[in-house]
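The first residue in the sequence is number 1, and the count goes up from there.
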Amino acid sequence: MGMVRLTRAQQQARTRAAVLSAAALEFQEHGYAEAKIDRIAERAELTRGAVYSNFPSKRSLYLAVLLDSWPHRPIGGSSAGHAGASPTASVAGSFAASFAASFAAAEPAFGVAAAAEAFARVWLERLPLTGDTAAGAKLRARSVAGVFDDEPGRRVLGEITRLEGLLLGLALESCLPPGGRRVRLAEMILTLLHGADHLAESAPGFGDPFDLARACGHLTSISLHDEWNPPHLDFIPAARACDDPWEPPEEVDDGVLVVLGARRLSAAEEAVRAADNITIAAVTSDPAEIGALVRLRVDGLMDMLRQIFPGGVRPPVRIITDRSGRFADAIGAAVGDDAEAAVRIRGGRIIARADGRGAGHAAATA
């Protein structure tokens, strides 16, 4: 038989897969800080240049390894048979499935405490195993601790976490008893769960995941007096009326499309509180690192929420990680970490536009 000739795309895909596989082993053995690109290239039987032609930096490669394994595949091989596995791992899936079934059968006849506990159980599936090395524990937990220690990265992480709090808060707001804003509650739950992640990395085996999950449920009984009324919104210029063609890169329902840079993600709530059917397109000037970080964290959280709330959060919010800036280009918005622009779409036309701080609110109230 003659030799099969690979296309350029096939060869690139094979090279990328080889690099990711080698990098996963390198990061698992040595950790992010001590990992070496030269060793990754040697493991993959490639040149250093071949690695950098696919991933511009070690940080982008580390994030690609985490994304490649999301949401349920263990890094560096199966975890089956490992001693000391998290006790939530074997039951969290069935717990989430039964909760989701009750959600679908009797929406919205379920309690906020049960929802918070169900979410915590799904989150805690990723706790490191007691036999994991320090480096392996970070990979299993999809941890970026120590990866974004620079000021731009820390600022973006703050914005991402605020967006996570909003999304979890919206989900909890759909639960009984009916109430107002639950974003502060969501932020408390995320604080506890992120703390559990970090503690499990540094002190494996400490604490009981079931206790942590129940604690998240009990947090819902705390009165937080959660109010949201940013005073600056009263001074935001109104959106500009228009009648422009709308040619989206993929289907987007009528409603409001908000383009937000990675350093402005927390502004999503300004649109969400003003209208239904919000689409958030997250953009960045650094898709390989900052864009990958947004995808890892936000897409991961949405995946967990879908396991508990099959119908999604209410009001419906769609999050798009706009890696190539297609949605920004479609509305004529800048692509950058401080970008903020929005349009209202109706009947396949853009009927209002807004730019700058508060753009999402302005378009949502147009």
Side-chain angles (χ1 to χ4, degrees), residues 16 19-20 23-24 27 31-33 35 37 51-71 75 138-139 141-168 190 194 197-198 249-250 257-271 279-304 317-331 333-342 355-357 359-360:
R16 180 182 174 85
V19 172
L20 284 173
F27 290 129
Y32 173 75
I37 295 297
V51 176
Y52 278 120
S53 68
N54 284 272
F55 304 96
S57 65
K58 185 171 74 170
R59 186 155 67 179
S60 68
L61 179 51
Y62 180 79
L63 291 166
V65 167
L66 298 184
L67 284 166
D68 187 59
S69 65
W70 183 267
I75 297 172
K138 287 183 178 295
L139 284 178
R142 273 70 181 178
S143 172
V144 294
V147 179
F148 284 89
D149 287 342
D150 55 288
E151 196 55 39
R154 292 176 68 248
R155 180 176 173 186
V156 170
L157 275 169
E159 290 292 301
I160 291 172
T161 309
R162 291 183 185 94
L163 178 59
E164 290 175 331
L166 170 64
L167 296 172
L168 176 56
L190 290 175
H194 278 294
D197 280 350
H198 290 301
E250 62 185 76
L257 169 65
V258 187
V259 173
L260 293 176
R263 290 196 290 259
R264 291 294 300 150
L265 294 175
S266 60
E269 187 164 10
E270 297 177 4
T279 298
I280 306 295
V283 299
T284 176
S285 56
D286 183 6
E289 293 189 2
I290 297 299
L293 176 63
V294 174
R295 288 170 55 209
L296 177 72
R297 290 282 297 268
V298 177
D299 291 359
L301 182 92
M302 292 297 286
D303 177 77
M304 287 186 279
V317 179
R318 180 185 179 193
I319 308 292
I320 298 171
T321 48
D322 192 8
R323 285 178 277 178
S324 60
R326 299 176 303 153
F327 283 88
D329 291 342
I331 68 170
V335 174
D337 293 323
D338 293 307
E340 192 166 349
D355 302 285
R357 295 298 174 98

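Here the CG-CD distance, from L265 to E340, works out to 10.0 Å after rounding to the nearest 0.5 Å. Taking CD from E164 and NE2 from H194, the interatomic distance works out to 5.0 Å, rounded to the nearest 0.5 Å. One finds the CG atom of L157 at 7.5 Å from the CD1 atom of I290 (value rounded to the nearest 0.5 Å). The OG1 atom of T284 sits 12.5 Å away from the CG atom of L260 when rounded to the nearest 0.5 Å. Residue D299 holds its CG atom at 11.0 Å from CE of M304, rounded to the nearest 0.5 Å. For the atom pair CD (E289) and CZ (R59), the distance works out to 4.0 Å, reported to the nearest 0.5 Å.
In this structure, D322 and A328 approach most closely via the heavy-atom pair OD2-N, 3.2 Å. When all heavy atoms of L63 and L293 are compared, the pair lying nearest together is CD1-N, 4.1 Å. Shown here for K138 and A145, the closest heavy-atom pair between the two residues is NZ-CB, 3.9 Å. Looking at every heavy atom in both residues, L66 comes nearest to S143 through CD1-O, 4.0 Å. Minimum heavy-atom separation, F148 to G153: CD2-CA, 3.8 Å. Taking every heavy atom of both residues into account, R295 and T321 meet most closely at CG-OG1, 3.2 Å.
Counting heavy-atom neighbours within 6.0 Å of R357 CZ, excluding the residue itself, gives a total of 12 or less. The neighbour count for R323 CZ, taken as heavy atoms of other residues, nucleotides or ligands under 6.0 Å away, does not exceed 12.
Between V19 and Y52 there is no side-chain heavy-atom pair separated by less than 4.5 Å. Contact of the D197 side chain with the R142 side chain is not registered, since no non-hydrogen atoms from C-beta on lie closer than 4.5 Å. A 4.5 Å side-chain heavy-atom check between V283 and F327 finds every atom pair outside the cut-off. No side-chain heavy atom of D337 sits less than 4.5 Å from a side-chain heavy atom of V156. Within the 4.5 Å cutoff, the side chain of L301 has no heavy atoms near those of the L163 side chain. L61 places a side-chain heavy atom less than 4.5 Å from the side chain of F27.
The only member of V317, V259, I320 that meets side chain to side chain contact (heavy atoms under 4.5 Å, CB included) when paired with T279 is I320.
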Please evaluate residues R162 and E269 with respect to the criterion salt bridge (charged side-chain N to carboxylate O under 4.0 Å, His left out), reporting the C-alpha separation (whole Å), side-chain torsions for both, the decisive distance (0.1 Å), and the verdict.
CA-CA 10 Å; R162 291 183 185 94; E269 187 164 10; over 6 Å; no
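A donor-acceptor contact shorter than 3.5 Å is absent between the side chain of K58 and the backbone of I37.
A donor atom on one side chain and an acceptor atom on the other are found under 3.5 Å apart for E159 and S266.
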